Amino acid sequence: MAKKHAEGYLSGKEARRISKENRRITNALEKKRKRKNVPESEYITQMHNPENAVEFDNLHTYFYTDAGIVKSVDGVSFDVPIGKTVGVVGESGCGKSVTSLSLMQLVQRPHGQIVGGEIRLNMGDKAYEISKVPQEAMQHIRGNTVSMIFQEPMTSLNPVFRIGAQVDEVIALHDGEGKSKEEIKSRTVELLEMVGIANAEGVYKMFPHELSGGMRQRVMIAMALACSPRVIIADEPTTALDVTIQAQILDLLRQLKDKINSSIMLITHDLGVIAEMADYVVVMYAGRVVEKGTAEDIFYHPAHPYTIGLMASKPVVGKQVDELYSIPGKVPNPINMPNYCYFKDRCEMCVEGCNGDYPCEVQLSPTHFVSCYRYYDKKEGGEA
């Protein structure tokens, strides 16, 4: 009788085969990435809409693991308009952070690779296709044009350097030409004051462990805003903070965005934060965008069963319930994703068409899009 193995079991032979195949693919991609003296003409492009700061177009970012290929971002398309805030929501592991790291070219290589699609970045007088930008040019874009407020400030700040030295370094690297040490220091102190740190001169000389979580998060925001970037990626900027500090940080982000007219890509689990901050909302599930629209579309007219489930699972002020709704089931294994709708096995609103391939995007209104078979009749009726 054949021995029955647990689900997901890989024999040594199969693991070696996968590993060898992965090496072959990643070596070819790395060879392309590591080319020197790449002419600008290779990565210059046109924005589809010049009013957008960033355009993600059918982006695919994969991780080549020993167990198989993890399609973390699997055909994601959405825009970040200039001067607006776009909220990206979804449960852990749905590809939110990997989408933003792809824009920064910070996906962990060689295992993580952008394998398809485009990320068009508006530089003002021209546009770059980020997935083709070489490392040397990317050094000038990162921190200057696009900056990121990372998820966990304690691990993002270097514990052995003082706060001042870490913010000074950002300014010296990207905006320090012709500036003396004193000018860079005064700019750092000014930034620390701008993010609401009262004792800026004192904090300048402190180490990260001497500050509270809220203060460290403010330092991270100061570093991100040091060069007045066109796009700010805020990856869960308020997760570790208490509610009052959270409100202050969000208020601060909103004010600073208006002050330097930049765009914010806000990644969070918190629907309350999205409701308060975002102009547009993108809902992701298992590496794909299942619904996108204005904040009003998503909050008042949620269309995808997953979005409806998310909305039902948040507490409502003044409404008493015995227990909050919880979406049944769990996210599918990211290695061997099925060809049908990824949410089908957890969905309580399935229709006949759900047995088919992955649903394509249906337009419900000029700003509202959803990938769900429940709206196919509208598509056929000419409303999409």
Side-chain angles (χ1 to χ4, degrees), residues 54-63 70-80 84-104 106-107 112 114-119 148 151 231 233-237 239 263-275 277-295 297-299 302-314 327 329-335 337-338 340-347 358-364 367-372 375:
V54 184
E55 292 172 351
F56 292 93
D57 190 354
N58 197 27
L59 175 68
H60 291 76
T61 303
Y62 296 171
F63 288 90
V70 176
K71 297 180 177 180
S72 278
V73 175
D74 193 16
V76 163
S77 299
F78 66 90
D79 303 332
V80 181
K84 301 287 184 190
T85 300
V86 175
V88 184
V89 288
E91 58 199 290
S92 297
C94 71
K96 305 186 299 293
S97 295
V98 176
T99 303
S100 64
L101 290 170
S102 300
L103 170 57
M104 295 283 282
L106 288 177
V107 175
I114 299 170
V115 296
E118 291 188 341
I119 307 171
M148 190 162 182
Q151 200 160 344
V231 181
I233 300 167
D235 190 355
E236 311 247 5
T239 302
S263 310
I264 296 181
M265 186 174 155
L266 178 67
I267 297 165
T268 183
H269 290 276
D270 193 329
L271 291 167
V273 169
I274 291 286
M277 290 283 291
D279 301 294
Y280 298 94
V281 181
V282 174
V283 182
M284 287 185 70
Y285 182 78
R288 291 200 178 186
V289 173
V290 292
E291 188 171 359
K292 60 186 176 187
T294 62
D297 289 334
I298 303 297
F299 278 91
H304 196 280
Y306 179 61
T307 316
I308 294 166
L310 283 182
M311 294 300 164
S313 63
K314 72 181 198 299
I327 299 170
K330 60 180 187 197
V331 182
N333 181 348
I335 290 175
M337 293 301 265
Y340 55 80
C341 173
Y342 296 164
F343 192 63
K344 181 185 157 191
D345 298 330
R346 302 175 72 184
C347 187
Y358 194 91
C360 62
E361 201 170 69
V362 179
Q363 187 171 355
L364 304 178
T367 55
H368 196 179
F369 299 84
V370 66
S371 298
C372 183
Y375 301 92

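Heavy-atom basis, side chains included; hydrogens, waters and symmetry copies ignored. The structure presented is a predicted model; accordingly, all values stated were derived computationally and were not measured.
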Test log, rule side chain to side chain contact (heavy atoms under 4.5 Å, CB included), inputs Tyr285 and His304: CA-CA 11 Å; Tyr285 182 78; His304 196 280; over 6 Å; no

Test side chain to side chain donor-acceptor pair (under 3.5 Å) applied to Asp297 and Tyr280, step by step: CA-CA 9 Å; Asp297 289 334; Tyr280 298 94; over 6 Å; no

Chi angles and distances behind the side chain to side chain contact (heavy atoms under 4.5 Å, CB included) call for Glu236, His269: CA-CA 8 Å; Glu236 311 247 5; His269 290 276; 2.8 Å; yes

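In summary, the side chains of Ser100 and Asp235 do not present any donor paired with an acceptor at a separation below 3.5 Å, with no hydrogens or angles considered. Tyr342 and Asp74 share a side-chain donor-acceptor pair at under 3.5 Å.
For the pair Phe63 and Val98, the minimum side-chain heavy-atom distance is below 4.5 Å. For the pair Met265 and Thr99, the minimum side-chain heavy-atom distance is below 4.5 Å. By the 4.5 Å heavy-atom criterion applied to side chains, Lys71 and His60 are not counted as neighbours. Contact annotation: the side chain of Ser77 approaches that of Lys292 to within less than 4.5 Å [non-hydrogen atoms, C-beta and beyond]. Using a 4.5 Å cut-off on side-chain heavy atoms (C-beta onward), Pro332 and Asp345 make no contact.
Heavy-atom minimum distance, Met284 versus Tyr306: O-CE2, 3.6 Å. Ala286 approaches Val331 most closely through the heavy-atom pair CB-CG1, 4.4 Å. When all heavy atoms of Ala303 and Leu364 are compared, the pair lying nearest together is CB-CD1, 3.6 Å. In plain terms, the two heavy atoms of Ala278 and Ala295 that are nearest each other are O-CB, 3.5 Å. Heavy atoms only, all atoms of each residue included: Leu59 and Ser102 are closest at CD2-CB, 4.0 Å. The two residues Tyr62 and Val73 make their nearest non-hydrogen contact at CE2-O, 3.9 Å.
Taking CG of Leu101 as the reference point, atom CG of Leu106 lies at 6.0 Å (rounded to 0.5 Å). A distance of 5.5 Å separates OG of Ser313 from CD1 of Ile327, quoted to the nearest 0.5 Å. Taking CD1 of Ile267 as the reference point, atom CD1 of Ile233 lies at 6.5 Å (rounded to 0.5 Å). Atom OH of Tyr358 sits about 8.0 Å away from atom CE of Met337, to the nearest 0.5 Å. Taken from CD1 in Ile119 to CG in Asn58, the straight-line distance is 11.5 Å, to the nearest 0.5 Å. Rounded to the nearest 0.5 Å, atoms CZ (Arg346) and NZ (Lys330) are 10.0 Å apart.
Legend: residues meeting side chain to side chain contact (heavy atoms under 4.5 Å, CB included) with Pro334, ordered by chain and number and at least two apart, are Val70.
Considering Thr268, Val76, Val88 as possible partners of Lys96, the one that fulfils the side-chain contact (heavy atoms from CB on, under 4.5 Å) test is Val88. Just one of Leu310, Val281, Ile298 meets the side-chain contact (heavy atoms from CB on, under 4.5 Å) condition when paired with Leu271; it is Leu310.
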